[in-house]
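Structure, as structure tokens:
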Amino acid sequence: MTQSPDRLKESPSQTAGPYVHIGLTPNFCGIGGVYASDLGSAMVNGETKGERIELRIRVLDGTGTPLKDALVEIWQADAEGLYNSPAEMRGGADPNFQGWGRQPTDMETGVCLFRTIKPGRVPFRDGRLMAPHITLWIVARGINVGLNTRLYFSDEEKANAEDPILARIEHRLRVPTLIAERQGNTYVFDIHLQGEKETVFFDS
């Protein structure tokens, strides 16, 4: 007999770790033979258009300690501001750019690295251009539901000032937590889960 929908109980929650790495990044865990390389580990090839950059990302807890067993996924537009997605209706994205990546944080340093390209500007739902940005999804032990945030670029001051998301009043005090600092061709970005510097997280 089918249970009435108004009587259904919520399923128990479960944290993402520690098995998330075994299922999503088996090569990283030393489990060979599942994939030639872990899915999402390579975003670019020799033909990818755009400025090559590296993202150096850390996930920090409330004490400022890096989480050494987190996993980060990123989603971004190509250099022309087009997404590698069937839902992209504005044109064809760069076929040599994956547009999506996945990396575990290093078990010693708590850092993960993405080799990608700097994204172009994408229109907001009202047509205004957003600043170049990358969307991030984070899971780790103690996180029952994956967290979503964005990464913007410190050398895009004009575009950042025009961005409709960064302009929202409720985000202004913590806008600095969304800005990745440039060091050569590397952008350094810390994700703060708690504390005074807590990163702005968005609804999934």
Side-chain angles (χ1 to χ4, degrees), residues 16 20-21 23-28 34-59 70-105 111-140 143 145-156 158-160 162-166 178-182 184-189 191 199-204:
V20 63
H21 295 91
L24 298 181
T25 55
N27 287 291
F28 172 78
V34 181
Y35 309 112
S37 60
D38 290 333
L39 298 179
S41 60
M43 298 180 67
V44 299
N45 62 37
E47 303 299 318
T48 305
K49 300 174 183 177
E51 177 188 356
R52 302 299 177 96
I53 62 171
E54 182 176 85
L55 302 179
R56 183 181 182 274
I57 297 173
R58 291 189 307 168
V59 183
L71 184 134
V72 179
E73 293 186 358
I74 67 173
W75 174 255
Q76 66 171 96
D78 67 11
E80 300 299 320
L82 298 170
Y83 289 106
N84 183 0
S85 167
E88 177 59 80
M89 305 301 291
R90 295 172 295 128
D94 183 353
N96 292 297
F97 180 58
Q98 185 74 18
W100 169 81
R102 174 191 288 155
Q103 292 289 346
T105 53
V111 172
C112 63
L113 298 173
F114 290 89
R115 290 177 176 85
T116 182
I117 54 104
K118 198 170 186 183
R121 299 183 72 175
V122 177
F124 192 53
R125 56 179 171 263
D126 62 5
R128 290 179 292 167
L129 286 178
M130 294 186 282
H133 66 276
I134 293 176
T135 300
L136 298 93
W137 182 72
I138 306 103
V139 291
I143 299 177
V145 178
L147 300 173
N148 296 275
T149 190
R150 283 186 173 190
L151 173 160
Y152 291 84
F153 300 92
S154 61
D155 54 351
E156 294 285 350
K158 183 177 184 297
N160 291 344
E162 299 169 350
D163 188 274
I165 299 294
L166 294 180
L178 299 179
I179 307 297
E181 294 296 327
R182 184 160 196 163
N185 74 330
T186 299
Y187 288 89
V188 178
F189 187 66
I191 300 167
T199 299
V200 176
F201 295 109
F202 302 91
D203 293 335
S204 56

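Formation of a donor-acceptor pair under 3.5 Å by the R102 side chain with backbone atoms of T25 is not found in this model. When atom types are taken as modelled, the side chain of D94 and the backbone of K49 share a donor-acceptor pair closer than 3.5 angstrom. Judged by distance alone, the side chain of T105 and the main-chain N or O of C112 form no donor-acceptor pair under 3.5 Å. With hydrogens and angles ignored, the 3.5 Å screen pairs a side-chain donor or acceptor of N27 with a backbone N or O of Y35.
Every salt bridge (charged side-chain N to carboxylate O under 4.0 Å, His left out) that R182 has, sequence neighbours left out, goes to E51, D155.
For residues 126-135, the set of pairs meeting the salt bridge (Lys or Arg N to Asp or Glu O under 4.0 Å) definition, not counting sequence neighbours, comprises D126-R128.
The aromatic rings of F153 and Y187 lie perpendicular to each other, with more than 60° between the two planes, well past the 30° mark.
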task: For I53 and L55, run side-chain contact (heavy atoms from CB on, under 4.5 Å): C-alpha distance rounded to whole Å, both residues' side-chain angles, the deciding distance at 0.1 Å, then the answer.
output: CA-CA 7 Å; I53 62 171; L55 302 179; 4.0 Å; yes
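Results of the side chain to side chain donor-acceptor pair (under 3.5 Å) test with Q76 over N84, T116, T135 single out T116 as the only residue that passes.
Remark: E156 does not engage R121 in a salt bridge, criterion side-chain N to carboxylate O under 4.0 Å.
Separation of atoms OG1 (T149) and CZ (F202) is listed at 5.0 Å; rounding is to 0.5 Å.
Smallest separation of non-hydrogen atoms from R52 and E47: NH2-N, 4.4 Å.
Counting heavy atoms from C-beta on, the side chains of Q103 and V72 never come closer than 4.5 Å.
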